[in-house]
Amino acid sequence: MYVKKNELTCKDAEKMVASYIDEQLDINELEAFMNHVETCENCKEELSIQFLVSTGLKSLEAGNNFDLNYELLESIEHSKKKVQKKRMLQKIVSGTIIIIMVSVCVTAVICLCFLV
């Protein structure tokens with residue numbers, strides 16, 4: 001699903017919940033989903049319900065002890081860290097491009113000075 005940053009509707013976000021739980025969202029989808037869920041109580045509640053049901057059933061089938069609220073918070077925190085890493089990488093790339101462009105401009109000016 002192609003999404004523009006911060007432009008998810010509730011309907012779009014609800015369709016993405018299962019993919020989020022299964023960790024199948026790409027980084028752009030994850031960022032848009034997390035931004036929406038952080039600001040929309042209805043979608044956050046829908047995520048909680050589906051996460052609790054899905055993860056709870058898997059844990060019960062495996063016979064494991066579990067704390068679903070903790071697991072949901074861990075999942076959300078993990079997703080936030082992935083989005084933060086993406087943003088940091090974008091800043092590093094942007095900074096590198098600026099440095100390269102400045103270096104090229106300075107080199108061009110120096111070369112022009114020697115030609116004159």
Side-chain angles (χ1 to χ4, degrees):
M1 168 184 284
Y2 173 77
V3 294
K4 291 183 179 180
K5 190 174 180 179
N6 298 326
E7 292 189 19
L8 279 186
T9 64
C10 290
K11 187 175 181 179
D12 292 332
E14 288 174 8
K15 288 179 184 177
M16 296 170 78
V17 170
S19 296
Y20 170 81
I21 292 169
D22 295 334
E23 297 182 17
Q24 295 178 340
L25 297 178
D26 69 34
I27 192 67
N28 293 325
E29 292 170 333
L30 180 61
E31 182 176 20
F33 180 78
M34 294 306 298
N35 287 339
H36 182 83
V37 169
E38 287 177 356
T39 60
C40 180
E41 286 302 316
N42 291 332
C43 290
K44 185 181 260 183
E45 183 177 341
E46 183 64 28
L47 169 62
S48 295
I49 290 167
Q50 287 191 40
F51 183 88
L52 297 176
V53 169
S54 174
T55 305
L57 286 175
K58 289 176 188 174
S59 295
L60 284 173
E61 289 172 357
N64 298 330
N65 292 332
F66 53 89
D67 179 347
L68 294 176
N69 286 323
Y70 174 78
E71 290 181 37
L72 176 58
L73 292 174
E74 284 292 308
S75 174
I76 290 170
E77 193 60 34
H78 175 73
S79 296
K80 286 180 182 179
K81 286 180 182 178
K82 284 173 81 172
V83 169
Q84 287 173 344
K85 285 180 184 178
K86 175 197 172 210
R87 289 179 183 155
M88 182 61 72
L89 182 60
Q90 286 174 330
K91 289 178 182 178
I92 291 169
V93 169
S94 296
T96 303
I97 290 170
I98 290 170
I99 291 169
I100 291 170
M101 290 174 62
V102 168
S103 298
V104 168
C105 290
V106 168
T107 303
V109 168
I110 291 170
C111 289
L112 285 174
C113 288
F114 282 114
L115 292 175
V116 175

Close side-chain approach of E45 to I49, heavy-atom, < 4.5 Å: yes
Working for side chain to side chain contact (heavy atoms under 4.5 Å, CB included), residues N28 and K86: CA-CA 9 Å; N28 293 325; K86 175 197 172 210; 2.8 Å; yes
Shared hydrophobic cluster for M101 and V93 (ILVMFWY, side-chain gaps under 4.5 Å): yes
L47 vs L72 side-chain heavy atoms within contact, under 4.5 Å: yes
Candidate pair V17 and I21, rule side chain to side chain contact (heavy atoms under 4.5 Å, CB included), full reasoning: CA-CA 6 Å; V17 170; I21 292 169; 3.8 Å; yes
Crowding at CD, E38 (>12 non-hydrogen neighbours, <6.0 Å): yes
Shared hydrophobic cluster, L73 / F33 (ILVMFWY, side-chain heavy atoms < 4.5 Å): no
Distance (rounded to the nearest 0.5 Å) between L30 CG and S19 OG: 11.0 Å
Test side chain to side chain contact (heavy atoms under 4.5 Å, CB included) applied to Q50 and E14, step by step: CA-CA 10 Å; Q50 287 191 40; E14 288 174 8; 5.8 Å; no
Minimum side-chain heavy-atom gap C105-V109 below 4.5 Å: no
Under 3.5 Å donor-acceptor, T107 side chain and S103 backbone: yes
Validation row: C10, H36 side chains within 4.5 angstrom (heavy atoms): yes
ILVMFWY cluster, L89 and I97 together (side-chain gap under 4.5 Å): yes
Derivation and outcome, side chain to side chain contact (heavy atoms under 4.5 Å, CB included), residues Y20 and M34: CA-CA 9 Å; Y20 170 81; M34 294 306 298; 3.8 Å; yes
Atom pair CD (Q84) and CD (E31), whose distance is rounded to the nearest 0.5 Å: 10.5 Å
